[in-house]
Each structure stands twice: as structure tokens, then as C-alpha cells.
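Have a look at the structure below before the remarks.
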Amino acid sequence: RVLAVDGKTVRGSRHTDAGGVAQPGRHLLAVIDQHSRVVLGQVKVEGKTNEITAFTPLLDTLRGIDLTGVVITADALHTQRDHVDDLRQRGMHWLLTVKGNQPRLRRQLARLPWRQVETAHRSAETSHGRREIRILKVVTIAAGIEFPHAAQAIQITRRTRPVSARTGHRGKWRTETVYAITD
């Protein structure tokens, strides 16, 4: 079972109060079953930066659900040492994106010998006005990654370019490399 943790600001919830002061939109952190696409739990968050402190209370709302062996996925904001310690204590597993909020960890992942790692998966598709090629590589981490319980690192390389269905015009390729870690 795979559950996704993600935060969103409710569309249309920004408003101006009676005093004419702009109020931010209501921000929620939710946990969603990726198979059934059902929201299993959700908590109000006081601004996007507080999603980190809402992570554990959100998992606490999942009473009556056996979380042993469940995999949690989350964006880079939740790549936090305390989060993985909490998940481990609950008997859960995790897959987390690594971006600029963990610069040292991202540098460690980028320095792995990716050129020597075979491609685990490749996909190509054209939709939404662009051509996209994704290449996925996975490597077991023996040492050198300073993140608790990390056992594997993942490199996802996305090459995209705009494609016009009407004119057939093709734009320049843009490449983005994203890393993730898992226990």
C-alpha cells in the first residue's frame, strides 16, 4: 500500500476580511491512498511552511489503519530526519524527493557514479503540448549518504521540449535531474 502526503491551498479560499486586509487561502495537508485515490486524513496548516510540523499530527489521524509496511511518498519539503524516524517507529517505509532544501544531501546524491548505473526504466510520451522522455536509475547506498535509514538513491532525468500539434513546431530540449531516496 502506498500513501501520498501532499499539501494544497484550497482554490478560492483567499479573501479580504472586513477590515480590507487580504487573508491567505486555507492550506491543508492530506494523506491519500494512491490506489483508491481516497483522502484518508487531512489537517489544516497555518501556511505552507508549517506543513513540516503538521506531518506527524496528520499521520496520527489514521487511527484504525494498519500502517505496518505502508510506503509514504512526499515532496522535498518533507525530506526531514525527524519524519523518517517517526515513519520507522510506526513500521512504515518512505520515498522522498531531494531538492534544494537539503543542499548537502542533494550534492551527495549528484556525486554518486550515475554514469555507471544501468537504466532501470525509460519512458517517452507526447501530451499536453510537449514531448517528454524520462530515464530512471536506482542504486543501493552502501555508505556516504548522510540521511538516516536511506538504503537506495534514485535519479530521474526528464528531457522535455514543446511540440505544437497544429504546426508541428518543436522547441529546444530542456533537461531536469531530480533525486529521491528510500529506505
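Computed from a prediction, not measured in an experiment: that's the story for all the values here.
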Could you see if [X] belongs to whatever hydrophobic cluster contains [Y]? Use Ile, Leu, Val, Met, Phe, Trp, Tyr and a side-chain cutoff under 4.5 Å.
X	Y	answer
I72	I154	no
L87	L62	yes
V71	I65	no
V2	L96	no
V43	F55	yes

Should [X] and [Y] count as side-chain neighbours, where that means a heavy-atom distance under 4.5 Å?
X	Y	value
R130	V163	no
L29	H78	yes
R90	T56	yes
W173	I133	yes

_Exactly one of R159, R122, H121 should register a side-chain contact (heavy atoms from CB on, under 4.5 Å) with I135. Which one does?_
R122

*asked:* Assess the residue pair F147 and T79 against the criterion (side-chain contact (heavy atoms from CB on, under 4.5 Å)); give the C-alpha distance rounded to whole Å, side-chain angles, the decisive distance to 0.1 Å, and a yes or no.
replied: CA-CA 9 Å; F147 199 84; T79 306; 3.9 Å; yes

Quick check: closest heavy atoms across [X] and [Y], and the distance to 0.1 Å?
X	Y	result
T61	Q42	OG1-N, 4.4 Å
R81	P148	CG-CD, 3.5 Å
I145	A150	CG2-CB, 4.5 Å
G100	R106	N-CD, 4.5 Å
I52	L77	CG1-O, 3.7 Å
G7	E51	CA-OE2, 3.3 Å

*For R88, does the CZ atom have more than 12 heavy-atom neighbours from other residues, nucleotides or ligands under 6.0 Å away?*
no

*Return yes when atom CD of E176 has more than 12 non-hydrogen atoms of other residues, nucleotides or ligands closer than 6.0 Å, and no otherwise.*
yes

Say you draw a straight line from [atom1] of [X] to [atom2] of [Y]; how long is it, rounded to the nearest 0.5 Å?
X	Y	atom1	atom2	answer
L59	D86	CG	CG	6.0 Å
K99	T97	NZ	OG1	6.5 Å
T182	H149	OG1	NE2	12.5 Å
R158	T177	CZ	OG1	9.5 Å
R174	R161	CZ	CZ	14.5 Å
L40	R1	CG	CZ	5.5 Å

Just by distance, do the side chain of [X] and the backbone of [Y] share a donor-acceptor pair under 3.5 Å?
X	Y	value
T73	L95	no
D183	W94	yes
N101	A76	yes

_Between Q155 and L109, does the side-chain contact (heavy atoms from CB on, under 4.5 Å) criterion hold? Intermediate values first, please._
CA-CA 8 Å; Q155 180 192 61; L109 294 172; over 6 Å; no

